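Before any comments, here is the structure.
Predicted, not measured: the structure shown is a model, and the values here were computed from it.
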Amino acid sequence: MDYQFNEASMEEIPGLPLDHFDKSLSIYALGWTVNLQKSLTNIYRSLKPDEVLVLSWEHPIHSVVEYTEDELKFRCSYVKEGIEKHESWRNTPIVMHNRKASTILNYKKPQTLKLLN
């Protein structure tokens, strides 16, 4: 088999084939995309008709609960969407895009999505 590795943003993936893949797997990726609509459009365009996008992300409560002074506290609502800045890695600012699962799942019409338990 021949493999090709392309490094690109999820919004702009040059050479991504259309109607090509049986499955698309996203592990912790969609929280990093700047333009969710454009990224999901690329994913769905690359999938064969009626095929599957499998995605995972941390439970939203993990990013809003803080443990201080022997107590767990919510620093904000876990259903709030938006941009959140974090401490930097290697002096590079980190910007996360908090999104609810429903925002991602409702991107396509429900009859075109297969939900797996």
Problem - Those residues that, when tested against Lys23, pass salt bridge (charged side-chain N to carboxylate O under 4.0 Å, His left out) (two or more places apart) - result: none
Handout entry: Same apolar cluster: Ile13 and Val34, side chain cutoff 4.5 Å
Key = no
Problem - By side chain to side chain donor-acceptor pair (under 3.5 Å) - contacts of Tyr28 (at least two apart) - result: none
Practice task
Take Leu53 and Leu40, measure what side-chain contact (heavy atoms from CB on, under 4.5 Å) needs, and give me the verdict at the end.
Solution key: CA-CA 10 Å; Leu53 165 60; Leu40 287 173; 4.1 Å; yes
Practice task
With side-chain contact (heavy atoms from CB on, under 4.5 Å) as the test, would you mind laying out the steps for Leu30 and Ile43 before giving the verdict?
Solution key: CA-CA 11 Å; Leu30 291 176; Ile43 292 168; 4.3 Å; yes
Practice task
Determine the minimum heavy-atom distance between Ser77 and Val64, stating which atoms define it.
Solution key: O-CG1, 4.0 Å
Fill in the blank from the handout: By salt bridge (charged side-chain N to carboxylate O under 4.0 Å, His left out), Lys48 pairs with (sequence neighbours left out) Asp22
Completion exercise
CD of Glu11 to CG of Asn35, rounded to nearest 0.5 Å, is 5.5 Å
Completion exercise
CG (Leu36) and CE (Met10) are apart, to the nearest 0.5 Å, by 9.0 Å
Handout entry: Over all atoms of both residues, closest heavy-atom pair of Ser24 and Leu47
Key = N-CD2, 3.6 Å
Handout entry: Interatomic spacing from CE in Met96 to OG1 in Thr33 - rounded to 0.5 Å
Key = 11.0 Å
Exercise for the section: Go through the structure and list residues passing ring pair (Phe, Tyr, Trp, His ring centres under 6.0 Å) with Phe74, not counting sequence neighbours. Expected result: none
Exercise for the section: Determine, using the 4.5 Å side-chain heavy-atom cutoff (strictly less than), whether Tyr67 and Val65 are members of one ILVMFWY cluster. Expected result: yes
Handout entry: Non-neighbouring partners of Glu69 that pass salt bridge (charged side-chain N to carboxylate O under 4.0 Å, His left out), sequence neighbours left out
Key = none
Practice task
Determine which pairs satisfy side-chain hydrogen bond (donor to acceptor under 3.5 Å, both in side chains) with at least one residue from residues 94-105, sequence neighbours left out, and list them in order.
Solution key: Glu81-Thr103, Glu84-Asn98
